[in-house]
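For reference, the structure discussed in these notes is given below.
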Amino acid sequence: MTDIKLLWKEATYSALKSLAASSGLNESIGDIESLVAEYPPKPELGDIGFPLFGYAKLLRKSPVAIAIEVEKLLLARGEELLRYGRPKAVGPYLNIFLDRVSIVGDILARGAKKNWNASQPFESRRVMVEFSCPNTNKPLHLGHLRNNVLGESLSRILKAAGAQVKKVNLINDRGIHICKSMLAYQVYGGGRSPEDEGLKSDHFVGKYYVLFNQLKKENPKAEEKAQELLRLWESGDPETLSLWKKMNHWAVEGIKTTYARQGVDFDDYYFESLTYTRGKQEVLDGLARGVFYRDLDGSVWVDLEDVGLDKKVLLRKDGTSIYITQDIGTAIQRSKDWPFDELVYVVASEQHYHFRALFEILNRLGYSWSKNLFHLAYGLVNLPSGRMKTREGTVVDADDLIDELTALAKKEIEAKGRDSLVGDPTVVAERVALGALHYYLLQTSPTKDMLYDPEQSLSFTGNTGPYIQYMGARACSILRKGKETGLSQDSLDESSISAAAKVLDNGSDWPLIRCLASFSSALEGAARVKEPSIMAAYAHELAAEFSAWYRDNPVLSNPDPALSAGRLRLVNAVKSTFEQVCELLCIPFLEVM
RNA sequence: GCGUUCGUAGCUCAGCUGGAUAGAGCGACGGACUUCGAAUCCGUAGGUCGCAGGUUCGAUUCCUGUCGGACGCACCA
């Protein structure tokens with residue numbers, strides 16, 4: 001599809017060029033990029049549209065007249081071009097009606113295959129994606145769920161578009177916040193384990209982090225003691241390290257369980273405790289080269305005021321590194337470990353300023369790849385009641401939320417009397433819950449703050465993940481019935497496909513086919529601007545299109561067996577496309593639900 | 001104060017490098033289950049795209065200003 005589009009674009013562009021030449025105008029008509037190809041709003045207008053307004057002034061003709069002349073020029077080129085479709089002037093637009101049989105053929109060839117996507121605009125690009133990056137003092141919450149699904153989905157989209165992707169996670173396993181939960185555990189824990197208290201291990205650690213607030217009330221020196229614990233940790237005190245290791249293990253293992261449940265994983269884990277001293281040497285080198293400067297008290301600074309930022313501290317007066325110093329070191333290390341064409345940080349938009357400074361500092365240190373760093377900033381997830389706050393207990397815990405959604409989905413399955421039809425209702429319910437949650441989080445563009453309305457997300461009607469899952473399940477259902485009737489012909493040899501394609505070259509099947517064909521441009525768009533929301537919009541469009549199609553176009557109960565067989569092939573392609581789309585959006589695909 | 005970002009239907013959101021009549025879902029109202037699964041579908045109502053300028057043949061989209069919200073401007077992470 002992409003190639004055919006390009007072919008028509010080139011043909012139209014060269015027609016415009018010769019039009020300019022024959023009018024005796026030597027003015028340039030701009031490069032081919034200035035000719036935009038779009039989709040006409042209605043199928044009956046054509047499959048590709050070129051608006052010609054921009055050429056009116058250059059050619060001293062109305063766009064309507066230009067369209068007519070371009071159409072004439074293109075028609076004159078004969079079969080060599082016209083076997084790929086027909087050009088038609090439609091007002092100020094030059095539209096193309098593509099050769100539908102060949103397009104249908106391409107779609108049907110998807111069949112039940114997994115990897116039919118041939119369009120790979122990101123081929124050979126190496127992209128590293130960093131996401132999640134939890135603290136080890138508490139379990140994941142709703143905000144992490146948005147981060148995780150954004151990072152995972154974007155990685156899958158980039159991979160599908162042909163890129164080599166490396167997913168990395170940086171665990172924040174050191175610092176004062178970790179020491180607080182350790183201190184509270186020393187005071188209240190009594191040496192108990194998560195098993196002793198019957199808690200998931202990360203929730204167990206989180207409980208003690210919350211208990212630190214109680215400790216502060218009981219003991220005014222609690223903050224001081226936490227600082228003391230941090231000093232002990234940094235000096236390598238064995239007892240402190242052993243407690244730290246134990247609690248971190250609990251936290252990380254619990255968090256990994258949630259990842260597995262969510263269907264998220266990583267190619268590499270970095271631990272801040274192992275990387276936090278990196279970057280110091282880089283800063284000292286930069287200082288020696290005059291990129292940074294030393295203050296009278298001994299601290300090291302960078303002045304970014306000329307690019308609209310402030311002066312930033314890079315090393316404390318005692319020579320220790322801070323947050324941004326670590327990120328400098330980590331970025332440089334990564335560029336050595338796995339040279340990338342691009343590094344994407346999926347981090348909340350609160351830290352936008354931090355990343356602008358980081359990228360600029362790396363630029364000043366002379367790393368040419370600093371221009372290939374990208375902060376995928378996402379907005380906060382708010383509740384109808386306001387912002388989530390740890391201290392006010394308004395944080396929505398990730399595991400609890402998935403549990404609640406699962407329970408609700410199960411109730412829905414039972415209410416519809418489908419519990420005996422879906423296999424294990426609990427398993428299916430959790431997959432529906434994840435579909436609901438992930439789609440809800442991905443449909444909004446990342447940059448925006450979003451409102452998480454538990455009620456709406458718990459409802460499975462409308463523009464939701466379960467709706468998309470349902471349409472996938474319906475496609476499967478038709479295919480199952482088709483097998484029983486013996487109408488389905490799955491052979492993928494060229495002649496049988498093109499025979500089926502001819503049957504499907506009609507007005508009623510076209511809107512669905514056109515939608516299936518636009519998958520690659522949705523994928524390309526989502527990968528280019530790094531927004532899974534574009535793929536989510538495509539998923540909904542496909543679901544709605546399929547729903548409308550099978551309502552009006554009987555597949556099995558059709559008097560024409562050839563049409564039935566052809567449409568069954570089409571349903572097969574629909575199913576295959578849904579599987580791909582669901583995979584990209586972290587929505588579990590369901591054969592029945 | 002400075003910076004970043006957002007403002008589209010009653011609510012939650014789409015609208016891709018400026019292009020053909022600004023779209024979904026929820027909610028409201030009215031319809032469709034002897035028919036491939038009604039977690040569905042169809043119809044109706046609902047918009048000065050925050051406001052004011054500017055660029056352009058053309059602006060929800062780009063620029064400037066302005067109003068409103070969010071976030072940021074630590075020797076915290």
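To find a chain, count down the sequence lines: A is the first, B the second, and so on, and within it residues start at 1. What you are looking at is a predicted structure, and each value in this text was computed from that prediction instead of being measured.
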Please tell me which of the listed nucleotides, [options], lies nearest to the side chain of [X]?
{"X": "Phe460(A)", "options": "C36(B), A39(B), U12(B)", "answer": "A39(B)"}
{"X": "Glu38(A)", "options": "U40(B), A24(B), A20(B)", "answer": "A20(B)"}
{"X": "Ala473(A)", "options": "G37(B), C57(B), A20(B)", "answer": "G37(B)"}
{"X": "His540(A)", "options": "A14(B), A77(B), A24(B)", "answer": "A24(B)"}
{"X": "Thr444(A)", "options": "U56(B), C13(B), G19(B)", "answer": "C13(B)"}
{"X": "Ile478(A)", "options": "A14(B), C36(B), A39(B)", "answer": "C36(B)"}
{"X": "Glu412(A)", "options": "C13(B), G19(B), A39(B)", "answer": "A39(B)"}
{"X": "Tyr93(A)", "options": "A20(B), C36(B), A70(B)", "answer": "A20(B)"}
{"X": "Val36(A)", "options": "C73(B), G19(B), A39(B)", "answer": "G19(B)"}

For [N] and [M], measure between their [atom1] atoms and round to the nearest Å.
{"N": "U61(B)", "M": "G7(B)", "atom1": "C1'", "value": "14 Å"}
{"N": "C73(B)", "M": "A45(B)", "atom1": "P", "value": "50 Å"}
{"N": "U8(B)", "M": "A59(B)", "atom1": "C1'", "value": "14 Å"}
{"N": "G3(B)", "M": "C63(B)", "atom1": "P", "value": "15 Å"}
{"N": "A24(B)", "M": "U64(B)", "atom1": "P", "value": "33 Å"}
{"N": "G69(B)", "M": "C36(B)", "atom1": "C1'", "value": "50 Å"}
{"N": "A9(B)", "M": "A22(B)", "atom1": "P", "value": "15 Å"}
{"N": "U40(B)", "M": "C26(B)", "atom1": "P", "value": "8 Å"}

How many Å lie between [atom1] on [X] and [atom2] on [N], as a whole number?
{"X": "Leu380(A)", "N": "U4(B)", "atom1": "CG", "atom2": "C1'", "result": "14 Å"}
{"X": "Leu408(A)", "N": "A39(B)", "atom1": "CG", "atom2": "C1'", "result": "12 Å"}
{"X": "Asp419(A)", "N": "G37(B)", "atom1": "CG", "atom2": "P", "result": "18 Å"}
{"X": "Glu531(A)", "N": "C13(B)", "atom1": "CD", "atom2": "P", "result": "14 Å"}
{"X": "Gln351(A)", "N": "C71(B)", "atom1": "CD", "atom2": "C1'", "result": "11 Å"}
{"X": "Trp549(A)", "N": "U40(B)", "atom1": "CH2", "atom2": "C1'", "result": "16 Å"}
{"X": "Phe359(A)", "N": "G3(B)", "atom1": "CZ", "atom2": "C1'", "result": "17 Å"}

query: Side-chain donor-acceptor pair under 3.5 Å between Thr330(A) and Tyr270(A), yes or no?
result: no

Hey, does [X] reach any base, or is it just sugar-phosphate, or nothing, if we go heavy atoms under 4.0 Å?
{"X": "Arg418(A)", "result": "base"}
{"X": "Ser445(A)", "result": "sugar-phosphate"}
{"X": "Met593(A)", "result": "base"}
{"X": "Ile413(A)", "result": "base"}
{"X": "Val555(A)", "result": "base"}
{"X": "Val571(A)", "result": "nothing"}
{"X": "Gly54(A)", "result": "base"}
{"X": "Asp449(A)", "result": "sugar-phosphate"}
{"X": "Gln326(A)", "result": "nothing"}
{"X": "Ile322(A)", "result": "sugar-phosphate"}
{"X": "Pro40(A)", "result": "base"}

The glycosidic conformation of C33(B), counting syn as within 90° of 0 and anti otherwise, is syn

* Salt-bridge test for Arg231(A) and Glu228(A): reply yes if a basic N is under 4.0 Å from a carboxylate O, no otherwise. => yes

Do the side-chain N or O atoms of [X] get closer than 4.0 angstrom to the phosphate oxygens (OP1, OP2) of [N]?
{"X": "Lys448(A)", "N": "A14(B)", "result": "yes"}
{"X": "Ser349(A)", "N": "G72(B)", "result": "no"}
{"X": "Arg551(A)", "N": "U40(B)", "result": "no"}
{"X": "Tyr467(A)", "N": "C41(B)", "result": "yes"}
{"X": "Tyr470(A)", "N": "A39(B)", "result": "yes"}
{"X": "Lys481(A)", "N": "C36(B)", "result": "no"}
{"X": "Thr461(A)", "N": "A39(B)", "result": "no"}

Does any nucleotide pair with [N] by Watson-Crick or G-U wobble geometry, both distances under 3.5 Å, and what is it?
{"N": "U60(B)", "value": "none"}
{"N": "G25(B)", "value": "C11(B)"}
{"N": "A45(B)", "value": "none"}
{"N": "U5(B)", "value": "G69(B)"}

Distance from [X] atom [atom1] to [Y] atom [atom2], nearest 0.5 Å?
{"X": "Tyr440(A)", "Y": "Arg146(A)", "atom1": "OH", "atom2": "CZ", "result": "10.5 Å"}
{"X": "Leu229(A)", "Y": "Ser181(A)", "atom1": "CG", "atom2": "OG", "result": "9.5 Å"}
{"X": "Asn172(A)", "Y": "Asn137(A)", "atom1": "CG", "atom2": "CG", "result": "9.5 Å"}

*asked:* Once hydrogens and angles are ignored, does a donor-acceptor distance under 3.5 Å link the base of A20(B) to the side chain of Asn95(A)?
replied: yes

- Can you check whether any acceptor in the base of G3(B) is under 3.5 Å from a donor in the side chain of Arg356(A), or vice versa? no

Practice task
Establish, yes or no, whether the cationic atom of Lys9(A) lies under 6.0 Å from the six-membered ring centre of Phe50(A) and within 45° of the ring axis.
Solution key: no

Quiz item: Hey, does the Lys NZ or Arg CZ of Arg174(A) hover above the aromatic six-ring of Tyr276(A), less than 6.0 Å from the centre and inside 45° of the axis?
Solution: yes

RNA chain B nearest-nucleotide lookup for Asn553(A) and Trp301(A): closer to the 5′ end is Asn553(A)

By nearest-heavy-atom nucleotide on RNA chain B, the more 5' of Leu315(A) and Ser459(A) is Ser459(A)

#### Entry: Over 12 foreign heavy atoms within 6.0 Å of CD, Glu305(A)
yes

**Request:** Flag the pair Phe359(A) / His375(A) as yes when their ring centroid distance falls below 6.0 Å, and as no otherwise.
**Result:** no

Flag the pair His177(A) / Tyr209(A) as yes when their ring centroid distance falls below 6.0 Å, and as no otherwise. no

